[in-house]
Amino acid sequence: MNMPHNAFKAALNNRATQYGIWAGFATGYAAEIVATTGYDWMLIDGEHAPNTVPGVLAQLQAVAPYSTTPVVRAVTGDANLIKQLLDIGAQTLMIPMVETAEQAATLVRAMRYPPHGIRGVGGGLTRATRWDAVPDYLNTAHEQLCLIVQVESRLGVENVEAIAAVEGVDAVFIGPADLSIGLGHAGNPGHPEVQERIQHAVKATLAAGKACGILAPNEEDARRYQGWGCQFIAVAIDISLLRQSATATLARYRTPATEQAPSRTY
Ligand SMILES: O=C(O)C(=O)C[C@H](O)[C@@H](O)CO
């Protein structure tokens, strides 16, 4: 069989905007529901959702029949975890809190086989190779693998030109929540200083010829970031959608006086 095509990576290269959704329920069943809704990509969050490697595998299998491309966020950039995630068939990885070009280059090496990197060979044991059904996986895997590094700290933004320029980094994803708290503006990604740093990171990433993405569940934010050049934007978080919808539904039956304000989206 052919190597599975990474439609997300191909779309980034085509410079078309990709709308994504954060998937935080950590089950294949919920991930499959999300995948039926038509987003271009979905983020299976191994950083802040209670995901294990077998749990991520179940979600990859659940969403495989759909056009929504899974992006897996690892909890760290540990090379052994990256190896496991690639072996279960994740093709696009997002790694949080990348702050230097050296860190980014180490991640690239973790994604590649020798002599270009340090990835170990799982061969016929792995879903990545479809248990050896994909011919020449070792020499061609890199063509369909996609590395997204998250820039979400003061230092990361200071180094973003160098990070984005690393060969093998396909895209930079800005984390507004971590960036804003790191800059001393907890819970306020709209603060002018945070916005200036975000715009700087977007410009630097695009200048390096790489794609830039961001999380923006608020529509006004999403459209502004799109205008700045972000090509992949997570415009929704499944957990927030459920909670907002459940809260609003109940509110229609309660007296207004007993209502609480809707929760923040992130
Ligand atoms: O800093 C950010 O913003 C992110 O990295 C995304 C958050 O981790 C996300 O989980 C908030 O809901």
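For the numbers below, each heavy atom of this structure counts, side chains included, while hydrogens, waters and symmetry mates do not. These numbers were taken from a predicted model, which means no experiment stands behind them. All ligand and atom numbering here is 1-based and tracks the order in the structure.
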Numbering as shown, the atoms of ligand 1 that approach H48 to under 4.0 Å (heavy-atom distance):
8 (O), 10 (O)

Has ligand 1 got any nitrogen or oxygen that is less than 3.5 angstrom from a nitrogen or oxygen of Q150?
yes

Atom of L147, atom of I95 and distance for their closest heavy-atom approach:
CD1-CG1, 3.9 Å

Salt bridge present between D178 and R154 (N-O < 4.0 angstrom)
no

Taking the six-membered ring for Trp and the single ring otherwise, decide whether the centroids of F8 and F232 are under 6.0 Å apart.
yes

I'd like to check which ligand 1 atoms, numbered from 1 as shown, lie under 4.0 Å from a non-hydrogen atom of R73.
4 (C), 5 (O), 6 (C), 7 (C), 8 (O), 10 (O)

So for ligand 1, is I237 a polar contact partner (N or O within less than 3.5 Å, distance only)?
no

Per-residue contact class, L215 against ligand 1 - non-hydrogen pairs under 4.0 Å:
side chain

Polar-atom distance check: L179 versus ligand 1, any N or O pair below 3.5 Å?
no

Just checking Y66 against W41, ring centres under 6.0 Å apart?
no

Could you tell me whether E167 and R109 make a salt bridge, using a distance below 4.0 angstrom between a side-chain N and a carboxylate O?
no

Carboxylate-amine/guanidinium contact E193 R197, below 4.0 Å
no

If you measure from each non-hydrogen atom of M94 to ligand 1, which part falls under 4.0 Å: side chain, backbone, both or neither?
neither

Under 4.0 Å from a heavy atom of A177: give me the atoms of ligand 1 that qualify, with their elements.
1 (O), 2 (C), 3 (O)

Against ligand 1, does W22 come closer than 4.0 Å with any heavy atom?
yes

Taking every non-hydrogen atom, the tightest pair across G175 and E152
O-CB, 3.6 Å

